[in-house]
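The next block holds one structure in the form of structure tokens; read it before the comments.
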Protein chains: 2
Amino acid sequence: MTVSKTASDAVRSSRALRKEPVDPAGDDSMLQLGELSGLLGYSLKRAQLRVFEDFLRCVAPLQLTPAQFSVLLLLDKNPGRNQTEIANTLGILRPNFVAMLDALESRDLCARMRSTNDRRSHILVLTDRGRAVLARAKKLVANKHEARLIEVLGPANHAALLEMLAKLAQEF
Amino acid sequence: MTVSKTASDAVRSSRALRKEPVDPAGDDSMLQLGELSGLLGYSLKRAQLRVFEDFLRCVAPLQLTPAQFSVLLLLDKNPGRNQTEIANTLGILRPNFVAMLDALESRDLCARMRSTNDRRSHILVLTDRGRAVLARAKKLVANKHEARLIEVLGPANHAALLEMLAKLAQEF
DNA sequence: GATATTAGATATAGCGGATAACAATTATTA
DNA sequence: TAATAATTGTTATCCGCTATATCTAATATC
């Protein structure tokens, strides 16, 4: 089921977007963004796309998407949880989480174990391989991805940005 | 730019996400996000979803999505441009821009005019109705949407956030 | 014990994004 | 100028993410 195709395609998809501000054909002058540059949501979305792009590039050797990485992280920090709990925490709907888990499980990164207490639910566990991949992914993310963000923004701004985004994600 | 260091359909779809940090069932304690809270991309995406959600709420009377609003804004500021130019500027692929324009044109918000210079291209123009809707939308966005963002973040932080996001969207 | 609720799963629909290919038109160049 | 290449808008199509309804097994409630 070629998980590879997914992640690599996502990286490739960046090119279409990258062409934007460059005035591709060189024909006329660049367009006026106007109040668009003052729209927070606009910059927010474009920045998010760029950041995800970079994440995919940095973690490409491990073929992990941001969503997959977040699942592995969560499983590591929260052992003994079931699908519903993990999915809810990440804002993923349960039906959509099934295929996602199938993909991770087929790569032997995690496993579903029927709970003895409640035989309806699946306790999710990281496999040894999952833990190993997660460890490598964490290093790539920290040393390549986040490092580049900190480099571009400066450490203080990076921290301030993180704080403000968290505030928006929560209290908004 | 000096970020103050102290800064230490679609509407309905918000519910699934909103349930997340609330520990919905009240069953167990909340899950540990771990290094997820330090992942810029994670907060970036969640914040973006919230902000778009709010945008849709605020502009709901006019039935405009963020993307549609950005098109109208761009047409207003850049008269005489064709589909390719507008689409490129917004990072929309030309094939996908066709249906978007069809929707706007069917609502009489803009129109395609065959160019006399180059009879392949369509010059895009705002209709009177499009200008009127855009004017109303701008007010809603400024007075409800952005106003709320500024209220939550504080004016200085709001400006700093905008600057950092623009930097990420460009120089990253 | 009957009924309601919950967990995981399936099916399905929709949207945004991406590529290939085509017709009409314009540009290039041989 | 004739032949070829490139460009514009378009269609068709695919993929991934998101959302809803529904099913089953299992559990909880009454």
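Lettering follows sequence order; numbering is per chain, from 1.
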Grab the [atom1]-[atom2] distance between [X] and [N] for me, whole Å please.
X         : N       : atom1 : atom2 : result
Phe97(B)  : dG17(C) : CZ    : C1'   : 15 Å
Leu101(B) : dG16(C) : CG    : P     : 14 Å
Leu49(B)  : dA19(D) : CG    : C1'   : 14 Å
Phe52(B)  : dG16(C) : CZ    : P     : 11 Å
Arg94(B)  : dA20(C) : CZ    : P     : 13 Å
Gln63(A)  : dG16(D) : CD    : C1'   : 15 Å
Leu93(B)  : dT11(D) : CG    : C1'   : 15 Å
Gln48(B)  : dG16(C) : CD    : P     : 12 Å

Task: Comparing Thr116(A) and Ala67(A) on DNA chain D - which has the more 5′ nearest nucleotide - done: Ala67(A)
Residue [X], side-chain heavy atoms: nucleotide from [options] that is nearest:
X         : options                   : answer
Pro95(A)  : dT10(D), dT20(D), dG8(C)  : dT20(D)
Asn82(A)  : dG9(D), dT10(C), dA7(C)   : dA7(C)
Arg120(A) : dT20(D), dT27(D), dA6(D)  : dT27(D)
Asp118(A) : dT20(D), dT10(C), dT27(D) : dT27(D)

Task: Nearest-0.5 Å distance, OG1 of residue Thr89(B) to CD of residue Gln32(A) - done: 10.5 Å
Open item on the list: What contact category does Asn117(A) fall into here, base, sugar-phosphate, or nothing, at under 4.0 angstrom with non-hydrogen atoms?
Closed with: sugar-phosphate
Open item on the list: Let's test your reading of the model: under 3.5 Å, does the base of dA19(D) pair with the side chain of Asn96(A) as donor and acceptor?
Closed with: yes
TODO: Indicate yes or no for a side-chain donor-acceptor contact from Ser106(A) to the backbone of Ala103(A) under 3.5 Å, with no hydrogens or angles considered.
DONE: yes
Open item on the list: Test your reading of the model: is there a side-chain donor-acceptor pair from Arg50(A) to the backbone of Ala169(B), 3.5 Å cut-off?
Closed with: yes
Open item on the list: Using every non-hydrogen atom in the two residues, find where Arg81(A) and Met30(B) come nearest and quote the distance to one decimal.
Closed with: NH2-O, 4.4 Å
Please determine whether a side-chain nitrogen or oxygen atom of [X] lies at a distance below 4.0 Å from atom OP1 or OP2 of [N].
X         : N       : value
Lys45(A)  : dG16(C) : no
Arg114(A) : dA25(D) : no
Thr84(B)  : dG9(D)  : yes
Arg119(A) : dA26(D) : yes

Task: Ion pair Asp54(A)/Arg148(A), N-O distance below 4.0 Å - done: yes
